[in-house]
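Comments concern the structure below.
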Amino acid sequence: MKQPPILITGAGQRIGLHCAERLLDDGHPVIISYRRERDDIDRLRDRGATALRAEFDDEAGIMAFIAELGKHTDRLRAIVHNASQWRPDAPGQEAEAFRQLFHVHMLAPYLINLHCAELLRHGGPADIIHIGDDVTRKGSRKHIAYAASKAGLDNLTLSFAASLAPQIKVNGIAPALIQFNVDDDEAYRRAALAKSALGIEPGAEVIYQSLRYLLDNPYVTGTTLTVNGGRHLI
């Protein structure tokens, strides 16, 4: 019997895209969500991935995605919540920022987990993995709403791990400085690298390795795996 697909939200670029490609390399069927059409989405489709456009900015968009997902599969091997927004607490836009970040980082995973849990209960290995952020360890002066919403995602990891055990494992990954953006200048890069004990830009493969560990290990649930190069040591 063909193995169930792995769903990755927000897999149109960067880490999500890399993980989707690596799962395809390993022979896993993949379903992704994305917000905007890109050449990379077409490349994933050409490789056999199912790509579903989704907007997680409000409840209606989240529920529409869940309904669309049900048209494409009746089983899932795993759900990887990678969809994310990065925005500061801009003056005059604080409430809007908090609302949007809450929907993307908390409400979408919450509703998808609740409504798609049955897709994971097929008798085989099943996982939910939340991609959070190491910033929740200490908070953020300029991205308060972002840090708070990611902290809420961390708590969802604990609650769903308890409620869905033993059939479904639920874990998180908390990364920090995985890869720079192309327009990050040299001064910013030096300052960012100095924040960790290892002082390197590791690239997206370290997140795939973390994802692979959580998928393959049958005895880990309710855990958030920190992938931060030793930032907590500085």
Side-chain angles (χ1 to χ4, degrees), residues 1-57 61-86 100 103-105 108-109 111-113 115-117 119-120 122 124-133 153 168 170-173 175 177-183 201-216 225 227:
M1 181 181 295
K2 185 179 179 181
Q3 59 182 319
I6 294 176
L7 167 65
I8 307 181
T9 66
Q13 59 182 334
R14 294 173 63 79
I15 290 172
L17 173 65
H18 179 83
C19 289
E21 291 183 314
R22 293 289 286 112
L23 287 168
L24 290 167
D25 291 343
D26 286 348
H28 290 280
V30 171
I31 300 174
I32 70 159
S33 79
Y34 69 95
R35 293 189 70 189
R36 298 181 183 87
E37 290 288 349
R38 304 171 186 269
D39 291 342
D40 291 328
I41 303 297
D42 289 333
R43 188 169 75 249
L44 290 176
R45 289 192 182 104
D46 290 342
R47 297 192 60 189
T50 299
L52 307 177
R53 190 175 183 279
E55 292 286 350
F56 294 156
D57 288 345
I62 298 165
M63 295 306 297
F65 170 75
I66 292 169
E68 184 65 22
L69 175 66
K71 299 176 183 178
H72 292 269
T73 187
D74 61 358
R75 299 187 305 155
L76 287 172
R77 165 61 183 86
I79 301 172
V80 181
H81 290 287
N82 175 72
S84 186
Q85 289 286 320
W86 173 254
Q100 183 181 29
H103 280 101
V104 174
H105 298 157
L111 291 176
I112 292 170
N113 290 352
H115 289 277
C116 297
L119 301 180
L120 293 162
H122 45 69
D127 288 87
I128 294 172
I129 298 172
H130 298 145
I131 308 296
D133 196 302
L153 182 61
I168 302 167
V170 184
N171 292 288
I173 300 173
L177 184 59
I178 301 303
Q179 56 188 128
F180 289 114
N181 293 303
V182 294
D183 57 350
E201 175 196 7
E205 181 67 9
V206 297
I207 300 302
Y208 182 68
Q209 291 167 345
S210 304
L211 176 64
R212 188 81 261 170
Y213 165 76
L214 294 174
L215 291 172
D216 294 343
L225 183 62
V227 186

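For the residue pair Tyr208/Asp26, the side-chain donor-acceptor check at 3.5 Å is satisfied. Gln85 and His105 are not linked by any side-chain donor-acceptor pair at a separation below 3.5 angstrom, with hydrogens and angles left out of the test.
Environment of CZ in Phe180: crowded, with over 12 heavy atoms of neighbouring residues, nucleotides or ligands closer than 6.0 Å. For Asp183, the CG atom is densely surrounded, since the number of other residues' heavy atoms within 6.0 Å is greater than 12.
Residues Leu23 and Arg212 come closest through the heavy atom pair CD2-NH1, 4.0 Å. Closest non-hydrogen pair, Arg22 versus Glu205, comes out as NE-OE1, 3.1 Å. Smallest separation of non-hydrogen atoms from Ser210 and Leu225: CB-CD2, 3.6 Å. Residues Leu211 and Ile173 share a closest heavy-atom pair of N-CD1, 3.8 Å.
Salt-bridge check for Asp40 with Arg14: failed, with every basic side-chain N at 4.0 Å or more from each acidic carboxylate O. Remark: Glu68 does not engage Arg53 in a salt bridge, criterion side-chain N to carboxylate O under 4.0 Å. The pair Arg43-Asp46 fails the salt-bridge criterion, with no side-chain N (NZ, NE, NH1 or NH2) lying under 4.0 Å from an Asp/Glu carboxylate O.
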- request: I would like to know whether His103 and Asp57 meet side-chain contact (heavy atoms from CB on, under 4.5 Å); could you show each step before the answer?
  value: CA-CA 6 Å; His103 280 101; Asp57 288 345; 5.6 Å; no
- request: Show the numbers, then the answer: is there a side-chain contact (heavy atoms from CB on, under 4.5 Å) between Thr9 and Tyr34?
  value: CA-CA 7 Å; Thr9 66; Tyr34 69 95; over 6 Å; no
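Taking CD from Gln13 and CD1 from Ile41, the interatomic distance works out to 8.5 Å, rounded to the nearest 0.5 Å. Between atom CG of residue Asp133 and atom CH2 of residue Trp86 there is a gap of 6.5 Å, rounded to the nearest 0.5 Å. Taking CG of Leu76 as the reference point, atom CG of Leu120 lies at 5.5 Å (rounded to 0.5 Å). Note that NE2 of His28 is 10.0 Å distant from CD1 of Ile8, once rounded to the nearest 0.5 Å. Note: Thr50 OG1 to Ile32 CD1 = 9.0 Å, rounded to the nearest 0.5 Å. Separating the OG atom in Ser84 from the CG atom in Leu153 is a distance of 9.0 Å, to the nearest 0.5 Å.
For the pair Leu7/Leu69, a side-chain contact is recorded, criterion being any heavy-atom separation below 4.5 Å from C-beta on. The closest side-chain heavy-atom distance from His72 to Leu52 is below 4.5 Å. Side-chain contact between His81 and Ile129: absent, with no pair of heavy atoms (C-beta onward) separated by less than 4.5 Å. Proximity of Phe65 to Ile112: side-chain heavy atoms (C-beta onward) are separated by under 4.5 Å at one or more points. Looking at heavy atoms from C-beta onward, Leu119 lies out of side-chain contact with Ile79 at the 4.5 angstrom threshold. Counting heavy atoms from C-beta on, the side chains of Pro5 and Val30 never come closer than 4.5 Å. The shortest distance between side-chain heavy atoms of Ile15 and Ile178 falls below 4.5 Å. Using a 4.5 Å heavy-atom threshold, the side chains of His130 and Asn171 count as separate.
No donor-acceptor pair closer than 3.5 Å links the side chain of Ser33 to the backbone N or O of Ala54.
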